[in-house]
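Below, chain A is the first sequence line, B the second, and so on; all start at residue 1.
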Amino acid sequence: MTIYDELVARGLIAQVTDEEEIKELVNKGEATFYIGFDPTADSLHVGHFMALCLMKRLQMAGNKPVVLIGGGTGYIGDPSGRTDMRSMMTPEIIQHNSECFKKQMEKFIEFGENKAIMVNNADWLLDLNYIEVLREVGAHFSVNNMLRAECYKQRMEKGLSFLELNYMIMQAYDFYYLFKNHGCNMQFGGDDQWSNMLAGRELIRRKLGENSYAMTITLLLNSEGNKMGKTASGAVWLDPDKTSPFEFYQYWRNVDDADVLNCLRMLTFLPLEQINEMEKWEGSQLNEAKEILAVELTTLVHGQEEAQKAKQAAYALFKGGTDDANMPSTQIDSSLLTDDAINIMDLIVECGIVPSKSEARRLIKQGGLFVEDAKVESFDFSITKAQLADGVKIRKGKKTYHKAFI
RNA sequence: GGGAGAAUACCCAAGUGGCCAAAGGGGGCAGACUGUAAAUCUGUUGUCAGUGACUUCGGUGGUUCAAAUCCACCUUCUCCCA
């Protein structure tokens, strides 16, 4: 199976500008493609992960990836798919975030001579001269057309600043710049980037009279049509300090039945035959598929060792095993103890299991808090120093486990 | 530049002087049922202390015994006209 067919079979491709030509380019390994990442946070998340996987797949097929860090576009903020204005980031934060991105990416993509390269559009965008840009680039854009683009349409109601309107132009310029200076003939991105990508393609055509290509990746949605990789407390991060390997594992272990196969296909590197085999699985057997998904992804992101630890921790907690060494834990400072003991509510707030004491109170009242698998019945329940010395297993509801020790 | 309007808790959205910690929905959390799933049903959802206190309705001041609600100014956004 050719790489292009595989991408299609995995459901990764949303839109392409020219299927036949792209197919040939990619299959022959002749594409130099770029994907842009805006440094909006200090860690990559699951959404980025998909793009990285795609890069890896294409790299394995001989194509050359260009990672573009949006150190310059970060100054503007992409309005696509957003209903509110992005808050502006300071240069220091952008710089910091860019560096965090770079570190994380190095784990996935091979950089180096004739391999992937990484560029930062701050290097060329920040020095642009306004008048020059208007003449050289702005002249090629029709505001009428821009406003027709899907990404701006949604914002016509809520309002769109001139700053944000320029995001498209900056991104188009990026593509043009990379085309000219790095021979980059293709751009990939999330499906919400489609209009921006077409704009770049258009710019290249008008300025250089050359053809370039664009392709978007299907957004990872769950069966309800929401973006995946989001939890109530925010995104699922790739940084182990922001989302622990155990939580990461659990996130995937807990996806809806309806979404498992999709995730396996789009996110893992398992052979398609193997995944198709799982399609026959039904009911509780899907739990196995979820486990495979969780192990595969955790391995990719955090390494095999962490993945196994997470799996074992999950087994210990949910299948009655004994190994509880790998669950999330918090060390309690002895200064929090009074008379060598700590109240259970204070303890779980300290561990971050609940955000406030009121919430802790509620939890206990509703019978959702367990210490060493025994339900906590009273607000006065407390844990002694001796117990903490051995490590105390705390459970909130059915799925949240935490260990406190001293 | 002129005119009209909006800002409420995680989100959407009621509320136009005391009965407002603030309806309703979504989301979240917990319970039951399950397969660590979905759907469903129940409870809960500002903070701190056990039936009470404190802080909240864009910001700052003011009127009043009493303000999310009235007034002034500021900020941000939307719409109409130029």
Side-chain angles (χ1 to χ4, degrees), chain A residues 77 79 81-88 152-165 221-236 246-264 278-279 281-295 297-298 310-321 324 326-328 343-346 348-371 373 375-381 393-402:
Chain A
R82 293 184 67 93
T83 49
D84 56 328
M85 190 156 105
R86 232 184 248 285
S87 52
M88 280 211 250
Y152 290 135
K153 254 188 196 162
Q154 300 159 10
R155 289 295 297 275
M156 293 308 286
E157 292 286 316
K158 281 272 181 182
L160 177 73
S161 66
F162 183 68
L163 176 82
E164 293 174 290
L165 182 72
L221 300 176
N222 63 21
S223 50
E224 274 149 24
N226 297 320
K227 263 192 200 179
M228 290 201 68
K230 288 258 159 79
T231 64
S233 45
V236 176
F246 178 77
E247 288 170 273
F248 187 86
Y249 179 94
Q250 281 296 309
Y251 178 82
W252 298 107
R253 176 60 188 77
N254 282 313
V255 298
D256 282 13
D257 281 13
D259 300 322
V260 195
L261 269 295
N262 229 344
C263 288
L264 279 165
M278 295 184 207
E279 224 154 58
W281 296 0
E282 280 179 9
S284 58
Q285 203 182 357
L286 279 171
N287 281 334
E288 250 176 83
K290 291 182 191 179
E291 219 165 79
I292 292 169
L293 175 70
V295 171
L297 293 182
T298 312
K311 185 179 176 182
Q312 278 160 24
Y315 265 71
L317 298 170
F318 294 105
K319 307 242 162 130
D324 59 0
N326 299 309
M327 76 174 80
N343 177 274
I344 186 66
M345 293 194 288
D346 293 324
I348 60 176
V349 170
E350 185 61 30
C351 291
I353 296 169
V354 290
S356 70
K357 284 179 80 170
S358 294
E359 190 69 41
R361 191 172 278 269
R362 232 170 266 139
L363 185 67
I364 293 171
K365 195 157 76 186
Q366 300 190 114
L369 185 66
F370 301 81
V371 168
D373 290 320
K375 190 190 282 185
V376 175
E377 307 275 5
S378 157
F379 299 144
D380 301 326
F381 191 88
K393 187 167 87 180
I394 300 165
R395 171 159 67 92
K396 180 181 90 151
K398 289 178 188 120
K399 293 186 215 166
T400 312
Y401 286 89
H402 204 96

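Atoms CD (Glu282(A)) and C1' (A37(B)) sit 14 Å apart, rounded to a whole Å. Here C77(B) presents its P atom at 12 Å from CG of Leu160(A), a figure rounded to the nearest Å. Protein atom OH of Tyr251(A) is 14 Å distant from nucleotide atom C1' of A37(B), rounded to whole Å. In this structure, CG of Leu317(A) is placed 13 Å from P of U36(B), rounded to the nearest angstrom. Summarising the geometry, the separation between CG on Asp259(A) and P on G35(B) is reported as 20 Å, rounded to the nearest angstrom. Nucleotide A38(B) holds its P atom 8 Å from the CG atom of Asp257(A), rounded to whole Å. Between the CG atom of Asp256(A) and the P atom of U36(B) there is a distance of 15 Å, given to the nearest Å. Atom pair Tyr401(A):OH and U36(B):C1' shows a separation of 8 Å (rounding to whole Å applied).
Base contact: Lys290(A) has a heavy atom under 4.0 Å from a base atom. Contacts of Ala314(A) with the nucleic acid, taken as non-hydrogen atoms under 4.0 Å apart, include base atoms. Asn254(A) comes within 4.0 angstrom of a base, heavy atoms only.
Considering all non-hydrogen atoms of both residues, Arg253(A) and Lys290(A) come closest at O-CD, 3.3 Å. Listed here is the closest heavy atom pair of Pro328(A) and Phe246(A): CD-CD2, 3.4 Å. Tyr249(A) and Ala314(A) get closest at one heavy-atom pair: CE2-CB, 3.8 Å. Residues Trp281(A) and Glu288(A) come closest through the heavy atom pair CZ3-CB, 3.8 Å. In this structure, Ala289(A) and Met278(A) approach most closely via the heavy-atom pair CB-SD, 4.1 Å. Glu164(A) and Tyr152(A) get closest at one heavy-atom pair: O-OH, 3.6 Å.
Where Gln285(A) and Ser358(A) meet RNA chain B, the nucleotide closest to each residue was compared, and Gln285(A) sits on the side nearer the 5' end. Residue-to-nucleotide proximity on RNA chain B shows that, of Gly367(A) and Asp346(A), the 5′-proximal contact is made by Gly367(A).
Lys399(A) has its side chain within reach of Phe318(A): a pair of non-hydrogen atoms, C-beta onward, lies under 4.5 Å apart.
Between A21(B) and C73(B), the distance separating the two P atoms is 30 Å to the nearest Å. Nucleotides U69(B) and U56(B) place their C1' atoms 15 Å apart, quoted to the nearest Å. On the C1' atoms, G58(B) is 6 Å away from A7(B), given to the nearest whole Å. As rounded to the nearest Å, U42(B) and U55(B) have C1' atoms that lie 31 Å from one another. Here the separation of A13(B) from A82(B), taken at their P atoms, is 30 Å to the nearest Å. Rounded to a whole angstrom, the distance from the P atom of C70(B) to that of A37(B) is 49 Å. Rounded to whole Å, the separation between the C1' atoms of A9(B) and G25(B) comes to 14 Å. Only the C1' atoms considered, C12(B) is 16 Å distant from A22(B), to the nearest whole Å.
By the side chain to side chain donor-acceptor pair (under 3.5 Å) test, Lys396(A) is found to be paired with no residue, residues two or more places apart in sequence or in another chain being considered. Shown here are the side chain to side chain contact (heavy atoms under 4.5 Å, CB included) partners of Phe381(A), two or more places apart in sequence or in another chain: Ile344(A), Val371(A), Val376(A), Ile383(A).
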What N/O pairs connect the protein and nucleotides 7-12 of chain B at under 3.5 Å? Give each pair on its own line.
none

Using atom names, set out every protein N or O paired with an N or O of nucleotides 39-42 of chain B below 3.5 Å, distance rounded to 0.1 Å.
none

Walk me through it: do Leu317(A) and Lys393(A) pass the test side chain to side chain contact (heavy atoms under 4.5 Å, CB included)? CA-CA 10 Å; Leu317(A) 298 170; Lys393(A) 187 167 87 180; 4.2 Å; yes
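The nucleotide G17(B) finds no pairing partner, because no Watson-Crick or G-U wobble arrangement with both distances shorter than 3.5 Å includes it. In this entry C79(B) has G3(B) as its Watson-Crick or G-U wobble partner, both defining distances falling under 3.5 Å. Remark: A30(B) base-pairs with U42(B). Criterion, Watson-Crick or G-U wobble with two distances under 3.5 Å. In a base pair of the Watson-Crick type (N1 to N3 plus N6-O4 or O6-N4) or a G-U wobble (N1-O2 and O6-N3), with each distance short of 3.5 Å, U55(B) is matched with no nucleotide. Judged by Watson-Crick or G-U wobble contacts below 3.5 Å, the nucleotide A23(B) has no partner. Here C70(B) sits opposite G62(B) as a Watson-Crick or G-U wobble pair (both hydrogen-bonding atom distances under 3.5 Å).
Contacts between residues 349-357 of chain A and RNA chain B, defined by a heavy-atom separation under 4.0 Å, are made by Ser356(A), Lys357(A).
Side-chain proximity of Phe318(A) to A30(B), U36(B), G31(B): nearest is U36(B). Closest to the Lys398(A) side chain, of the nucleotides G35(B), G31(B), U36(B), is G31(B).
Here the options are Leu264(A), Val260(A), Asn287(A), the test is side chain to side chain contact (heavy atoms under 4.5 Å, CB included), and the partner is Ile292(A); only Leu264(A) passes.
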Ignoring hydrogens and angles, write down the donor-acceptor pairs under 3.5 Å from the side chains of residues 357-369 of chain A, residues two or more places apart or on other chains.
unit_1	atom_1	unit_2	atom_2	d
Lys357(A)	NZ	Asp346(A)	OD1	3.0
Glu359(A)	OE1	Arg362(A)	NH1	2.8

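Going from atom CG of Asp256(A) over to atom CG of Leu286(A) covers 11.0 Å, rounded to the nearest 0.5 Å. Taking NZ from Lys375(A) and CD from Glu377(A), the interatomic distance works out to 5.5 Å, rounded to the nearest 0.5 Å.
Side-chain nitrogen and oxygen atoms of Lys399(A) include at least one within less than 4.0 Å of the OP1 or OP2 phosphate oxygen of A37(B). For the pair Arg362(A) and U47(B), the criterion of a side-chain N or O lying under 4.0 Å from OP1 or OP2 is met.
Side-chain to base pairing of Gln366(A) with G43(B): one donor and one acceptor N or O lie within less than 3.5 Å of each other.
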